Novice: 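Here it is: the structure, laid out below.
When a ligand or atom number is given, it counts from 1 through the structure's own listing order. Below, all heavy atoms of this structure are taken into account, side chains as well, without hydrogens, waters or symmetry copies. Note that the structure is predicted; figures quoted are calculated from it, not measured.
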Amino acid sequence: AMLPEPTIEFYDLHPSMGDIRADVIAALSSSPKVLSPKYFYDQRGSQLFDQICELPEYYVTRTEIGLLEQHGEEIAGLIGKNAILLELGSGSSIKIRTLLNALKPKAYVALDISKEHLINAATLLAEDFDWLDVHAVCVDFSTPWQLPIPLEGKRTAFFPGSSIGNFTPDEAARILTQLGHLIGKGGDLLIGIDLKKDVSTLESAYNDAQGITAAFNKNLLSRLNRELDANFDLGAFHHESIWNDAESRIEMHLFSDTEQIVSVDGELFRFRAGESIHTENSYKYTVTDFSDLAASAGFKSVKVWLDDNQLFSIHLLRF
Ligand code: AVJ
């Protein structure tokens, strides 16, 4: 017998290429030069990120999945069934699989900036959980946005991976407040937060021996070459991640090995030898620092789970 094709509802709120061009040109014109980490996630970048998640040095993903597997029943009990479940930065939608059978949500909405990857992941999920009402929204949630679907019911947001660590604490507080308004009074937010720890563990996690993180970082330049008609010489830049203790963050950089001029869609950018493009921040928190940040955005802490080695935390917050 023919199996019915799983279907998902897809909505595209992706920013236009013109907006991306203006943003990239401005970011490379600033001093020091920066690029937003949201541009890592083209299809190749999303694949490289999935490889990062498997690396021995990158403790983040496996520790979070371990926590979700260990405490999933308790988490689901605290959230309750039949919620509208929204996942921010759903990527390959792997982590949510640990919670779906216990949570039994009324609907699941995957939100991600990486369009093809999002559609593939949501379709695979709909195949494996045939009882689930699956929606996918391609969106850049670093700028104000609204849910384009009229879904009635109590909302729960799932924001795994410590992805909020890409934002400064001030920006993170603003995003949490926006999320609060999205889920409404009494809504739940389940969020993964990476913890401050020794510098060598952190720096190894972002400078892996196989060079996958370096390839992920440099893929940003390939993407600009392809999509914005730039001419970055990938061999003339090198990747390095550095712990910034004063800011409590890992910084990823691409350092220019020589003095060089790069063209991006007709605009010229001069690099000094040793000059960097700062491509990512990954802020690390203590449990109390993050709880305080969430409180400043109007959330109450329901419960926090940590692994035995205190590498990673999952916070259940209520707005
Ligand atoms: C997806 C933002 C959580 O900061 O750890 C992994 C991205 N960058 N290795 C992180 C990332 C380099 C990741 N987040």
Novice: For ligand 1, is Asn166 a contact, meaning one of its heavy atoms is under 4.0 Å away?
Specialist: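 Heavy atoms of Asn166 do come under 4.0 Å of ligand 1.
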
Novice: Run the numbers on Lys95 and Glu87 for salt bridge (charged side-chain N to carboxylate O under 4.0 Å, His left out), then give the verdict.
Specialist: CA-CA 10 Å; Lys95 291 167 186 168; Glu87 181 173 7; over 6 Å; no

Novice: Which residue supplies the protein heavy atom nearest to atom 7 (C) of ligand 1, what is that atom called, and how far is it?
Specialist: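 In this structure, atom 7 (C) of ligand 1 has Glu280 OE2, 3.3 Å as its nearest protein heavy atom.
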
Novice: Could you check whether any side-chain N or O of Thr168 sits under 3.5 Å from a backbone N or O of Glu171, counting only pairs where one atom can act as donor and the other as acceptor?
Specialist: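 A pair under 3.5 Å: yes.
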
Novice: Among Tyr283, Tyr58, Phe167, which residue places a heavy atom closest to atom 13 (C) of ligand 1?
Specialist: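 Of the listed residues, Tyr58 has the closest heavy atom.
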
Novice: Please state which protein non-hydrogen atom is closest to atom 4 (O) of ligand 1 and give its distance, to 0.1 Å?
Specialist: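 The protein heavy atom lying closest is Ser282 OG, 2.7 Å.
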
Novice: Which atoms of ligand 1 are found less than 4.0 Å from any heavy atom of Tyr41?
Specialist: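 Per the distance check, 1 (C), 7 (C).
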
Novice: More than 12 heavy atoms of other residues, nucleotides or ligands under 6.0 Å from CG of Asp198: is that the case?
Specialist: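 Counting other residues, nucleotides and ligands, CG of Asp198 exceeds 12 neighbours.
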
Novice: Looking only at N/O atoms, are Thr213 and ligand 1 under 3.5 Å apart anywhere?
Specialist: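 No, there is no polar N/O contact under 3.5 Å.
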
Novice: Quiz question: by atom type and distance under 3.5 Å, do the side chains of Trp305 and Glu74 form a donor-acceptor pair?
Specialist: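 Yes, side-chain donor-acceptor contact under 3.5 Å.
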
Novice: Judged by non-hydrogen atoms, does Gly165 sit under 4.0 Å from ligand 1?
Specialist: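 Contact absent.
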
Novice: Before we go on, tell me: are the rings of Phe290 and His315 under 6.0 Å apart, centre to centre?
Specialist: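 Distance test on ring centres: under 6.0 Å, yes.
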
Novice: Quick one about Asp233 and Gln260 (side-chain donor to acceptor, distance below 3.5 Å, no hydrogens or angles considered), yes or no?
Specialist: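 On atom types as modelled, these side chains do not qualify, holding no pair under 3.5 Å.
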
Novice: Give a yes or no on whether Met252 and Leu254 share a hydrophobic cluster (residues Ile, Leu, Val, Met, Phe, Trp, Tyr; joining criterion: side-chain heavy atoms under 4.5 Å apart).
Specialist: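 Yes, it is one cluster - the side chains of Met252 and Leu254 are joined through contacts under 4.5 Å.
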
Novice: If you count the atoms of ligand 1 from 1 in the order shown, which ones are under 4.0 Å from a heavy atom of Phe216?
Specialist: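 Numbered from 1, ligand 1 contributes 8 (N).
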
Novice: Given the ring of Tyr285, does Lys196 sit roughly above its face, with NZ or CZ under 6.0 Å from the centre of the six-membered ring and within 45° of the axis?
Specialist: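 Not flagged: Lys196 not positioned over aromatic ring of Tyr285.
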
Novice: Suppose I only count heavy atoms of Ser162 and a 4.0 Å limit; which atoms of ligand 1 are within that range?
Specialist: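 Ligand 1 atoms under the 4.0 Å threshold to Ser162: 3 (C).
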
Novice: N/O to N/O below 3.5 Å, does that happen between Lys284 and ligand 1?
Specialist: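 Between Lys284 and ligand 1 (N or O atoms, distance only) the closest approach is not under 3.5 Å.
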
Novice: Would you mind checking which non-hydrogen protein atom is closest to atom 3 (C) of ligand 1, with the distance to 0.1 Å?
Specialist: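 Looking only at protein heavy atoms, the one closest to atom 3 (C) of ligand 1 is Gly161 O, 3.0 Å.
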
Novice: So is Phe49 touching ligand 1 or not, going by heavy atoms under 4.0 Å?
Specialist: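 Judged by the 4.0 Å heavy-atom criterion, Phe49 does count as contacting ligand 1.
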
